[in-house]
Structure formats: structure tokens, C-alpha cells
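Have a look at the structure below before the remarks.
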Amino acid sequence: MGDPKGFLTTPRQDWLRRPVEERVRDWDEVYVPGALLPVISKQAGRCMDCGVPFCHEACPLGNLIPEWNDLVSREDWRAASDRLHATNNFPEFTGRLCPAPCEAGCVLAINQPAVTIKNVEVAIADRAWSDGFAPPRPPDRLSGRTIAVIGSGPTGLAAAQQLTRAGHTVAVYEKDDRLGGLMRYGIPAFKMEKHHLERRIEQMRAEGTKFRTSTAVGRDVGAAELRSRYDAVVLAVGATAWRELPLPGRELAGVHQAMEYLPLANRVCEGDLEASPMSAAGKHVVIVGGGDTGADCLGTAVREGAASVTQLDIYAQPGGERDEDVDPWPTYPKVYRLSAAHEEARDLESAPAADADARLFAASTLRFTGDADGHVRELHLVEVDAERRPLPGSDRTLPADLVLLALGFSGPDRQDGLIDQLGLALDPRGTIARDADFATNVPGVYAAGDAARGQSLIVWAIAEGRAVAAAVDRRLTGGTQLPAPIGPYDRPMTV
């Protein structure tokens with residue numbers, strides 16, 4: 001504990017964002033480069049070194065948060081990097097993309113602003129790369145066992161890295177032309193620049209992991225054939241089957257799924273396209289769905305130069321403080337949060353009709369109407385109560401040249417044929433069924449991440465990858481020294 005009174009004397013200070021007018025003109029990360037280092041040691045010193053650190057329980061990775069907070073407060077960056085990487089393969093991803101349930105579980109958060117755990121994490125990760133504390137760690141010897149990992153999102157990459165470091169020969173199969181899954185083509189660059197992803201992939205290549213891109217298992221290579229070539233197969237294909245909104249006018253041109261829209265903008269940033277064929281430039285945009293994917297669409301549309309952008313959330317606007325009766329500490333509370341994209345939309349007044357920033361709360365879509373050419377022009381909505389019942393007389397319309405559906409995901413996509421070719425059993429939710437050892441009903445085939453758990457957070461995805469790697473290693477060798485931070489039936493803390 002670097003400063004026993006730090007939590008009393010040092011106020012919380014978050015990573016500064018660049019001015020809105022500056023950052024919406026580019027696709028760089030929204031934060032001020034280098035702004036963490038002058039303040040982060042004192043921020044880490046706010047950690048109380050609790051006797052029972054609930055931040056551990058809130059994070060499925062079991063991150064050793066008080067330990068690396070103490071080391072950062074003393075500016076021992078090498079030791080802090082060692083402790084951070086002991087539980088997390090990719091802290092530069094989680095430090096940028098995770099909503100930080102650890103901070104909701106911080107003991108200090110009972111009556112004060114939580115420790116900036118997420119900022120400390122990303123500062124350690126970035127310092128580890130700049131100071132050479134994250135070299136490749138190839139195994140001393142090979143086991144002779146071969147494993148295929150299908151999917152290169154955070155679950156697949158974590159499983160592959162753990163299994164490679166254990167001495168197995170691992171090949172990762174990715175259906176897209178580049179690695180990273182949703183981190184590559186779903187997450188906008190202003191949330192995480194892709195060089196962070198490239199750096200980890202190069203580290204994994206140096207450790208011995210093999211990668212096969214543009215290969216859809218089930219379509220480009222038969223799933224059963226692939227299974228016959230490897231000692232084990234790990235399915236980490238994600239939950240990419242998007243939820244639909246079957247309303248009148250859904251067939252109109254200009255009504256698209258969020259995950260049809262976001263990859264195109266990412267491909268512009270990658271240099272594949274000069275401009276997105278679905279660009280929001282000059283259009284009135286309405287986003288249906290109040291979650292993170294909707295916010296990603298919002299920030300993207302603002303940068304593309306939309307005439308207006310409005311985001312619809314069917315839930316009522318939450319309050320600014322935790323409701324102890326509904327979400328008691330240390331659970332993750334539903335409170336009003338202002339993401340970078342919402343801050344941009346608020347300051348730029350992108351949605352004059354919205355309740356707050358760009359969001360219309362307690363709003364339910366009724367139908368879409370279009371012009372004579374069959375292109376969407378209006379979205380019709382109604383206000384709803386807490387039970388989602390329409391409020392009489394609250395109907396209204398919004399101009400809409402582009403409608404983006406950001407309603408979440410229901411399970412793995414079955415179009416490639418992988419699930420049917422292997423004969424995998426599914427649970428009632430449509431996700432891949434598995435036992436307590438992450439094993440499916442097909443011998444030698446394991447399932448991890450959103451494909452089996454359902455849509456979740458990046459920290460749960462990485463924890464699943466680490467845990468399934470331990471299960472596969474145990475099955476192949478009779479024992480394992482790999483950590484298994486969670487089981488397949490573990491869930492976030494709730495009341």
C-alpha cells in the first residue's frame with residue numbers, strides 16, 4: 001500500500017479525452033496520448049488494499065488488482081506487468097474495451113468514486129510494451145499434440161496463446177481476411193486502434209501459434225475433416241447471429257444490421273475502401289438499441305458526417321447513482337453513463353429531439369415507412385412505460401435515411417455449416433451445449449466464449465479462453481498447470 005491515506009487525500013482523476021471537435025475529425029483513440037502517466041501512480045495509490053478485495057470477485061479473470069495497484073504506486077512497472085499478465089493475456093484490450101465491473105466492486109465505491117482500475121490496467125499494459133516487458137514466451141519443448149482453434153476473437157486468441165505456451169502445436173482458423181474477430185471489424189478504431197491487436201498477434205506468431213485467415217470452417221474446409229486432423233478442436237466462433245426486428249417496413253432499403261454497418265467503416269480505416277457504401281454522410285440516422293454496439297454506431301456515424309443521429313433505448317433513463325435496492329454493491333449497477341460517443345453527440349447536438357445526448361429513452365419502434373423508390377425515410381415510435389406498454393398519444397416520427405439495428409446477438413451463426421456438420425448439441429438458448437469441462441457432445445471438441453456462454457463482456461471471453469485451454473491441456477496430457485479462472489456455468493455477480 002503505497003499511500004495509506006491515498007483514498008482520503010487523492011481525488012479520482014480519469015484518463016482525459018481529446019476535445020470533441022478534434023477527435024470527431026479522425027479515427028484515432030479518443031484519449032489524450034500520454035495523459036495517464038503523470039497521474040496514474042497517485043491514482044493507483046488510492047487503492048485501499050482491502051482485506052477482502054471484491055474487485056477480484058467482480059472480475060472473472062481474477063486479476064490481482066491490489067497487488068499491481070501497489071506496484072504502480074511505487075512505479076515498479078516491470079513487477080506490475082508481471083502481476084497483470086499473470087491473469088490476463090491481453091490487458092491492453094480489456095483496459096480499453098471492458099466496462100470495468102471491477103470498479104463497481106471496488107470497496108471504495110461504497111461511498112466514494114472507485115479506484116481507476118481500468119486506467120491503471122491500460123497504463124501498465126502500454127508501459128509493458130514500450131519498455132519491453134512483454135516478450136514472446138515460446139515453450140521450452142513441444143508436446144507433439146495438435147489443436148485447432150476456430151475463431152480469433154479474444155476467446156480464441158487467449159486459448160491459443162495458453163495452449164501454445166503449454167507446448168502444443170496450435171492453429172487458429174479465422175473466416176475473415178484479418179485476425180481479431182469483433183475486435184477487428186466490430187469495435188471502431190476510436191475505441192481501440194488496431195495496432196494493439198497486431199502487436200499481440202505478432203507476439204503469438206513468435207511463440208509458435210499458426211494462423212489461417214479467410215478460412216470458414218464448415219464451408220472452406222469441412223468441419224469433420226478438420227476434427228480428424230487434430231487431437232482437439234476449440235470452438236470460439238462467438239455469438240454473431242444478430243437479433244432481428246420484424247416490423248412493417250423492415251424490408252425497405254436503408255434498414256441494416258449494426259454488424260453490416262460497422263465492419264465497412266473499419267475496412268475504410270484499414271485502407272480496403274475509400275468510403276463505406278453504407279456511409280452515414282449527410283443522412284438522418286436512427287439507431288435502434290441502447291447498448292455498446294449502438295454507441296459504436298453512434299460514434300461512427302458522427303465521424304462519417306451524418307446530418308443527425310438518434311439512438312433509441314427501450315429502457316427508461318437510469319439515474320446517476322446506484323439504486324441499492326435493485327443493484328446493491330458490489331454488483332454492476334445500471335446507471336446513466338456518458339460514453340465518448342454520447343459526449344460527442346451531446347456537444348455537437350446531433351439529435352435535437354433526444355432526451356439526453358443522442359438517446360431517446362423509453363422508446364419503442366413501431367414501423368418504418370419509405371418513399372416511392374422503396375427507401376426508408378421515417379421511423380415511427382411510441383413511448384413506453386416500465387413494462388414496455390405503449391403510452392397513449394405518445395406516437396411520433398423521426399426522419400430516417402439510415403436505420404441501424406443494434407439489438408444484440410442470440411448465439412453462433414449456423415450459416416457456415418460447422419455446427420450441423422459436427423452434429424453439435426445446442427442448449428435452449430441456441431448456444432453450444434457443453435459439460436463442466438467445456439466439452440461438447442462430440443469427443444475432442446470443446447466450446448468456449450460467447451458461442452457457448454452467450455453474449456458477454458471481453459473479460460469473460462478471455463477468462464473462457466484461459467479456462468478452456470486448461471481443460472484441453474488436462475485432457476491431452478493427464479494434468480495441467482494452466483490456470484482456469486472460471487467454470488462454464490459461472491455467471492456475473494447478481495442479487
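Note that this is a predicted model, so its numbers are computed, not measured.
- Residue-environment remark: CD (Glu244) exceeds the threshold of 12 foreign heavy atoms within 6.0 Å.
- Remark: side-chain polar atoms of Arg429 are paired, donor with acceptor, to backbone N or O of Ala452 under 3.5 angstrom.
- Side-chain contact between Asp327 and Val495 is absent, with no heavy atoms from C-beta onward closer than 4.5 Å.
- Rounding to the nearest 0.5 Å places CD of Gln257 at 11.0 Å from CG of Leu262.
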Practice prompt. Decide yes or no on side-chain contact (heavy atoms from CB on, under 4.5 Å) for Leu61 and Arg466, but give the supporting numbers first.
Written response: CA-CA 9 Å; Leu61 285 166; Arg466 291 170 67 86; 3.9 Å; yes
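- Side-chain contact of Glu121 with Thr94: a donor-acceptor pair under 3.5 Å is present, judged by distance alone.
- Residue pairs satisfying the salt bridge (Lys or Arg N to Asp or Glu O under 4.0 Å) criterion with at least one member in residues 436-465, sequence neighbours excluded, are listed as follows: Arg434-Glu464, Arg453-Glu464.
- Evaluation of the salt bridge (Lys or Arg N to Asp or Glu O under 4.0 Å) test over residues 228-241, restricted to residues two or more places apart or in two chains, returns Glu225-Arg229.
- Salt bridge Lys118/Glu103: absent, no basic N to carboxylate O contact under 4.0 Å.
- The nearest pair of heavy atoms linking Tyr446 to Val468 is CB-CG2, 3.8 Å.
- Separation of atoms CZ (Phe211) and CD (Glu174) is listed at 10.5 Å; rounding is to 0.5 Å.
- For residues 87-97, every residue pair satisfying the salt bridge (Lys or Arg N to Asp or Glu O under 4.0 Å) rule, not counting sequence neighbours, is listed here: Glu29-Arg96, Glu92-Arg200, Arg96-Asp126.
- No side-chain donor from either of Thr365 and His380 sits under 3.5 Å from a side-chain acceptor of the other.
- Formation of a donor-acceptor pair under 3.5 Å by the Arg212 side chain with backbone atoms of Val172 is not found in this model.
- Note on Arg178 versus Asp272: salt bridge recorded, some NZ/NE/NH1/NH2 to OD/OE distance being below 4.0 Å.
- A heavy-atom distance below 4.5 Å is not found between the side chains of Met493 and Tyr332.
- Thr146 and Thr169 are not linked by any side-chain donor-acceptor pair at a separation below 3.5 angstrom, with hydrogens and angles left out of the test.
- Considering only heavy atoms from C-beta on, Asn266 stays 4.5 Å or farther from Thr300 through its side chain.
- Looking only at side-chain heavy atoms (C-beta outward), Leu298 and Glu344 stay at 4.5 Å or farther from each other.
- Nearest heavy atom pair, residue Ile419 against residue Pro412, reads CD1-CG, 3.7 Å.
- Ile462 places a side-chain heavy atom less than 4.5 Å from the side chain of Asn88.
- Remark: Tyr336 engages Gln317, Pro318, Leu338, Ala356, Asp357, Arg359, Phe361 in a side-chain contact (heavy atoms from CB on, under 4.5 Å) (not counting sequence neighbours).
- Leu405 places none of its side-chain heavy atoms less than 4.5 Å from the side chain of Arg243.
- Residues passing the side-chain contact (heavy atoms from CB on, under 4.5 Å) test with Ser364, sequence neighbours excluded: Ile314, Val382, Val384.
- Side chain of Ser152 to backbone of Gly180: a donor-acceptor contact under 3.5 angstrom is found.
- In this structure a side-chain-to-backbone donor-acceptor pair under 3.5 Å is missing from Arg337 to Gly320.
- Residues that satisfy the ring pair (Phe, Tyr, Trp, His ring centres under 6.0 Å) test with Phe93, not counting sequence neighbours, are Phe90.
- Note that OG1 of Thr440 and CD1 of Ile432 are 7.5 Å apart. Values are rounded to the nearest 0.5 Å.
- Applying the salt bridge (Lys or Arg N to Asp or Glu O under 4.0 Å) definition to pairs two or more places apart or across chains, those involving residues 397-416 are Arg219-Asp416, Arg377-Asp401, Arg414-Asp420.
- Here the side chains of Pro99 and Leu457 are in contact, with some heavy-atom distance below 4.5 Å.
- Considering only residues two or more places apart in sequence or on other chains, Trp15 meets the ring pair (Phe, Tyr, Trp, His ring centres under 6.0 Å) condition with Tyr31.
- For the pair Glu251/Phe368, no side-chain contact is recorded, criterion being any heavy-atom separation below 4.5 Å from C-beta on.
- Residues Thr155 and Ala461 come closest through the heavy atom pair OG1-O, 2.8 Å.
- Atom CD in Glu274 sits 15.5 Å away from atom CZ in Arg267 (nearest 0.5 Å).
- Remark: Ala258 pairs with Thr293, Cys297, Ala406 by the side-chain contact (heavy atoms from CB on, under 4.5 Å) rule, at least two apart or across chains.
- A donor-acceptor pair is defined here as one N or O able to donate and one able to accept, closer than 3.5 Å; no such pair exists between the side chain of Thr209 and the backbone of Arg205.
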Worksheet entry | Derivation of the side-chain contact (heavy atoms from CB on, under 4.5 Å) call for Lys334 and Asp323 | CA-CA 8 Å; Lys334 185 173 179 60; Asp323 185 337; over 6 Å; no
Anything under 3.5 Å between a donor and an acceptor, one on a side chain of residues 279-290, the other on a protein residue two or more places apart or in another chain? List them.
{"from": "Ser279", "atom 1": "OG", "to": "Ala281", "atom 2": "N", "distance (Å)": "3.1"}
{"from": "Lys283", "atom 1": "NZ", "to": "Ser279", "atom 2": "O", "distance (Å)": "3.0"}
{"from": "His284", "atom 1": "ND1", "to": "Ser308", "atom 2": "OG", "distance (Å)": "2.8"}

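- By the salt bridge (charged side-chain N to carboxylate O under 4.0 Å, His left out) test, Arg396 pairs with no residue at all, sequence neighbours left out.
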Practice prompt. Take Leu163 and Val472 through the test side-chain contact (heavy atoms from CB on, under 4.5 Å) and record every step on the way to the result.
Written response: CA-CA 8 Å; Leu163 289 165; Val472 172; 4.2 Å; yes
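- Atom CD in Gln455 sits 9.0 Å away from atom CG in Asp292 (nearest 0.5 Å).
- Closest approach of Pro60 and Ala463 over heavy atoms only: O-CB, 3.9 Å.
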Item to complete: For the pair Thr164 and Met204, evaluate side-chain contact (heavy atoms from CB on, under 4.5 Å) and give the outcome as yes or no after the intermediate values.
Response: CA-CA 8 Å; Thr164 297; Met204 293 178 65; 6.0 Å; no
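- Evaluated for a side-chain hydrogen bond (donor to acceptor under 3.5 Å, both in side chains) with His195, the options Arg199, Glu193, Glu198 yield exactly one hit, Glu193.
- Taking Glu321 as the reference, nothing meets the side-chain contact (heavy atoms from CB on, under 4.5 Å) condition, with sequence neighbours excluded.
- Nearest approach of Glu304 to Ser276, heavy atoms of both residues: OE2-CB, 4.0 Å.
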Practice prompt. Determine, stepwise, if the pair Asp177 / Tyr185 fulfils side chain to side chain donor-acceptor pair (under 3.5 Å).
Written response: CA-CA 10 Å; Asp177 58 338; Tyr185 290 127; 2.7 Å; yes
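- Between Trp27 atom CH2 and Lys191 atom NZ the span is 13.0 Å, to the nearest 0.5 Å.
- Between Leu381 and Leu360, the closest heavy-atom pair is CD2-CD1, 4.1 Å.
- The pair Arg367-Asp395 does not meet the salt-bridge criterion, since no charged nitrogen lies less than 4.0 angstrom from a carboxylate oxygen.
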